[in-house]
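Everything on this sheet refers to the single structure shown next.
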2 protein chains.
Amino acid sequence: MARKTGSHSDITGPRVREAALRLFARQGYAAVSMRGLAAEVGVQAGALYLYTRDKQSLLFDLMKGHMDDLLSAWAEEPKGDGPMARLEAFCRFHIGFNLERPDAVFVSYMELRNLEPANFDVIEALRKAYETELETILKEGVDEGIFAVPDTKLATLALIAMLTGVTTWYREGGRLSRARVGQIYWDMVRKSVGA
Amino acid sequence: MARKTGSHSDITGPRVREAALRLFARQGYAAVSMRGLAAEVGVQAGALYLYTRDKQSLLFDLMKGHMDDLLSAWAEEPKGDGPMARLEAFCRFHIGFNLERPDAVFVSYMELRNLEPANFDVIEALRKAYETELETILKEGVDEGIFAVPDTKLATLALIAMLTGVTTWYREGGRLSRARVGQIYWDMVRKSVGA
DNA sequence: GTCTATAGCATGATAGAC
DNA sequence: GTCTATCATGCTATAGAC
């Protein structure tokens, strides 16, 4: 079980974050105690404070890391030419990225209200930047007459809500493969913005 | 501020539930204390237990009431003839109903994990029944060749996620009226299931 | 019906031994 | 780097006065 002593700074730190993400997703930030987290990691409660300043920092660092990963992964994604190709790339990227880390997606959405105001502002700005990526694609498509979208801001929020929702029901090894899910969602998105 | 004594069973009960719904939505179930709730109502903590057996019952009763309201309101909604008319009715109903009670929608989605298992099962069954209402419409439309939906179960979840998402950003008196929002969402839904 | 007071326990965070 | 022990505070729920 829990080791009694030793030096494991390099491996315990990541394990704390992994356990925190898992517990925050399962029980919610407010319902997770530092004792419970320590038990999950296999250390005593006091030892956690070697790896995080406090519980709030743990939450913020997880959410900030997730948003940074999201934006940099999208930045490096091959996107193709034209609004249609870029919209397809966005859909498939969003679904694929989110399905790889359902806990982080869940926490980043559900625990916004548990962030202290200064931390909230940081995460909110990153979330807005990501939304702007999609809205830019929609605007370009409307300008070129490829998409029929009466309000790009609303369509952006509607499509992200639809695509993100996949994480709430998708289970690995279930009825549908990821590729099949991506295909079906892309079909719906494509048609919904079509003329 | 808080009255010291008196008999107010008939009005304090509803006020407890209203305050609980507001606080649960704003801070999350786990982060709301019975002391904080009592302060919001304007009574002492002990007095709350005249109106609820415990904190869990408060959450469950709010969620159960919301789901019952949702299902009975939909049952009484005029729906028109044929899958297309019924799908439009569902979209407009869902948006309208949810925008009327954003706190209840938020709590019913976010606090599922804070329900005790037996309570969770009850709410989950009601949620499933509501989803089935939409899936039935989609199936009928597919059977009649009106809708092109490769997987009605997936489309059901995708559409509900999209429509419910409206509560996360819509603000009364904002840029768009409810009717306009309903129209734009219905346009997207109609196209997304079209041939 | 509401109050005050409190039982019994859990919490976040720190101090100091090893 | 981890442990044990602890502080100060907060929590849910109940008991009993009024």
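When reading the values below, keep in mind they use all heavy atoms of this one structure, side chains included, and skip hydrogens, waters and symmetry mates. First the proteins, then the strands, lettered A, B, ... as listed; each starts at 1. In this text the structure is predicted, and so the values were computed from the model without any measurement.
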Nearest-angstrom distance from the residue atom [atom1] of [X] to [atom2] of [N]:
X	N	atom1	atom2	value
A:Lys55	C:dG12	NZ	C1'	8 Å
A:Leu37	C:dT11	CG	C1'	14 Å
A:Gln44	C:dA15	CD	P	18 Å
A:Arg15	D:dG1	CZ	P	15 Å
A:Tyr49	C:dT11	OH	P	11 Å
B:Leu48	D:dA13	CG	P	10 Å
A:Glu116	C:dG12	CD	C1'	13 Å

Nucleotide nearest B:Leu50 (side chain, heavy atoms from C-beta), chosen from C:dA13, C:dG1, D:dC3: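 Comparing C:dA13, C:dG1, D:dC3 against the side chain of B:Leu50, the answer is C:dG1.
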B:Asp54 side-chain proximity, nearest of D:dA13, C:dC3, D:dC3: D:dA13
Parallel, tilted or perpendicular, as decided by the 30° and 60° cut-offs, for the rings of B:Tyr185 and B:Trp169: parallel
B:Phe24 and B:Tyr29 aromatic ring geometry - parallel, tilted or perpendicular at 30°/60° bounds: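 Taking B:Phe24 first and then B:Tyr29, their aromatic rings stand perpendicular (interplane angle over 60°).
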B:Phe60 side chain near B:Met63 side chain, heavy-atom distance below 4.5 Å: no
Pair A:Trp74-A:Phe90, ring-ring contact (aromatic ring centres under 6.0 Å, His included): steps then yes or no: CA-CA 8 Å; A:Trp74 169 243; A:Phe90 185 92; 5.2 Å; yes
N-O pairing of A:Glu172 and A:Arg178 below 4.0 Å: yes
Presence of salt bridge, A:Glu18 and A:Arg22, under 4.0 angstrom: no
Interface residues of residues 26-35 of chain A with DNA chain C (non-hydrogen, below 4.0 angstrom): A:Val32, A:Ser33, A:Met34, A:Arg35
DNA chain C: 5'-proximal contact among A:Gly36 and A:Ala47 (nearest heavy atom):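 Looking at DNA chain C, the more 5' nearest nucleotide goes with A:Gly36.
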